[in-house]
Amino acid sequence: MSTTHWKDYTLTGGDAVADGGQPGWYTPALDRKTLKGLMKRSDRPALANYGLWIGLIIALGAVTVATWGSAWGIVWLLVYSAVHQSATARQHELGHGTPFRTRWINEMFFHFSSFITLSEGHYYRWRHARHHTHTIIVGKDPEIQSPRPPEIVSLLINLFNLKTVVLTARDFLRRAAGDLGQGRHFIPEGEQPKVIRAARIYLGLIALIVAACFVTGSLLPLLLTIGPRVIGAPLYALLHFTQHAGLDEDVHDHRLNSRTIYMNPVLRFLYANMNYHVEHHIFPMVPYYRLPELHALIKDQCPEPKHGLVDAYRDIVPTLLRQLKDPSYHLRPALPAAAVAAE
Amino acid sequence: MTTDTKTWIDVCAVDDVEIEDLIEVSHDGNTYAIYRSPDDTFHATDGHCTHEKVSLADGLVMDYVIECPMHNARFDYRTGEVKSAPACVNLKTFEVKREGDRILLAVG
Ligand code: FES
């Protein structure tokens, strides 16, 4: 009689693969000088991009406030929230420290984006470092969004970050009390006080926002600050989920566990070019604005990218449905013949 | 009169390292990173990040900071001091000197 094996995705869980130290990941052939050139940072492109983003938030926020009370107020709030939550992709890039050459500008935007996505920066950086060391390695990577078999109901609920927000509230309360949960596996002891202090600051700021709602007799202070974490969530849930869903796990080759998708310029602006996800994982030091160039240089060594979100979900949805019955099933993108031969 | 008791080894030519960059060199089973700063001074540290022992060779040198290519820990390569997490331990530094167009590294 066969039994379905449900994996344990908790850190150092029973299914953690034996994987001591720093694993050797596949790296495509790329001239060192070219790579160094791509890694160079400049404030200018990031300032233009972030200036536009902040300008849009201010303008859309003003229109939302001006039309609040009418049906248009709701429409503008939706648009505002979608642009506002571009912060999720931006926080990620800023967490890598790559967009700006000037460190303090990077850190200022990083902590701003962290707060408005309720993803505290210190904790996030430690967790995300783990994700890059052990990308989609079961029991090692704390950011696996699509465990096998998939949790479809949970995924649907979380389209609006409803589960995330509840868990975030729980985690902030726990961390503020000194309990780091899974974080104790990846945050060194000496760094833990920063995470605890930050959780307390976040709770204080959230209390101030709630107080502002009572004082003004309006929900706008909440809706314009952290409310978009829920209202603006679906677009980013759909975008982020494509990064690894349905692909292989426990392989040290980002071409097999990550996905690159061609997207239009509006989505790429909002998503900070994270559609070039294979490239980002292979060379995380390359700033988001150089990823299209990096892609052009190594695409002949990588699988064919998906052409848009619909194309990606045409792969992902049937795969997840099949994984409900067969958790071992996964997509295996075809590698270019030349790249396979070179291995 | 003082005598130089250090063991100096010839590791590279001056022009092997670009300004504001580094190269990795190996000697006797150890790996070292040799840096050339924006003002054309040379420095050396251990070749691996103190966070997860990743080679710093593909890291980014900006001014006097080396940023690890893996998780972006930053170190002042002149002193080895950690400037930002996820590394928590300083990098070991080594003396270097320039003789003509060669760079010598003090080991042992
Ligand atoms: S290995 Fe250097 S920062 Fe993690």
Side-chain angles (χ1 to χ4, degrees), chain A residues 19-25 27 30-43 93-104 106-107 110 121-135 140 186-192 194-195 281-287 290, chain B residues 12-26 29-38 46-79 81-91:
Chain A
D19 186 20
Q22 180 60 42
W25 287 88
T27 317
L30 182 63
D31 169 62
R32 184 173 181 274
K33 203 166 177 174
T34 307
L35 176 61
K36 292 269 173 179
L38 288 171
M39 280 162 41
K40 288 253 184 284
R41 292 171 201 163
S42 152
D43 287 338
E93 273 304 287
L94 294 157
H96 281 282
T98 47
F100 294 93
R101 182 177 168 106
T102 306
R103 183 79 181 165
W104 71 263
N106 196 85
E107 292 307 283
F110 174 62
H122 296 98
Y123 187 92
Y124 172 80
R125 268 197 171 129
W126 286 105
R127 192 191 67 199
H128 196 63
R130 249 308 176 91
H131 172 59
H132 272 268
T133 305
H134 300 292
T135 312
K140 298 257 179 196
F186 49 80
I187 306 174
E189 249 172 57
E191 294 290 308
Q192 293 180 4
K194 281 186 198 160
V195 176
H281 266 282
I282 293 177
F283 296 118
M285 293 281 279
V286 174
R290 307 295 302 269
Chain B
C12 60
V14 165
D15 290 342
D16 288 343
V17 196
E18 291 190 19
I19 296 266
E20 213 177 27
D21 200 2
L22 81 158
I23 61 162
E24 183 180 271
V25 298
S26 297
N30 296 314
T31 310
Y32 305 89
I34 310 291
Y35 307 84
R36 190 171 182 180
S37 75
D46 190 276
H48 290 101
C49 178
T50 59
H51 178 226
E52 287 181 357
K53 303 285 167 231
V54 166
S55 164
L56 292 168
D58 287 330
L60 182 64
V61 176
M62 284 186 300
D63 300 326
Y64 300 104
V65 168
I66 169 70
E67 204 169 289
C68 173
M70 190 66 195
H71 311 112
N72 313 79
R74 295 158 65 251
F75 304 88
D76 184 327
Y77 56 78
R78 297 168 299 180
T79 61
E81 185 196 351
V82 179
K83 305 292 280 182
S84 65
C88 303
V89 177
N90 291 344
L91 269 177

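Just so you know, these numbers come straight off a predicted model, no measurement behind them. By convention in this document, chain letters (A, B, ...) are assigned in the order of the sequence lines, proteins followed by strands, and residues within each chain are numbered from 1.
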The interface call for A:Arg32 against chain B, heavy-atom contacts under 4.5 Å, is side chain
Ignoring hydrogens and geometry, is there a side-chain-to-backbone donor-acceptor pair from [X] to [Y] under 3.5 Å?
X: A:Asp43; Y: A:Thr102; result: yes
X: A:Trp25; Y: A:His134; result: no
X: B:Arg36; Y: B:Val17; result: yes

Notebook entry, point to check: Is A:Arg290 close enough and on-axis enough to A:Phe283, meaning under 6.0 Å and within 45°, for cation-pi?
Noted result: no
When the 4.5 angstrom heavy-atom criterion is applied to B:Asp58 and chain A, the contacting part is both
Honestly, the part of B:Glu18 sitting under 4.5 Å from a heavy atom of chain A is side chain
Residue from A:Glu191, A:Lys33, A:Lys40, A:His96 scoring the most non-hydrogen pairs under 4.5 Å with chain B is A:His96
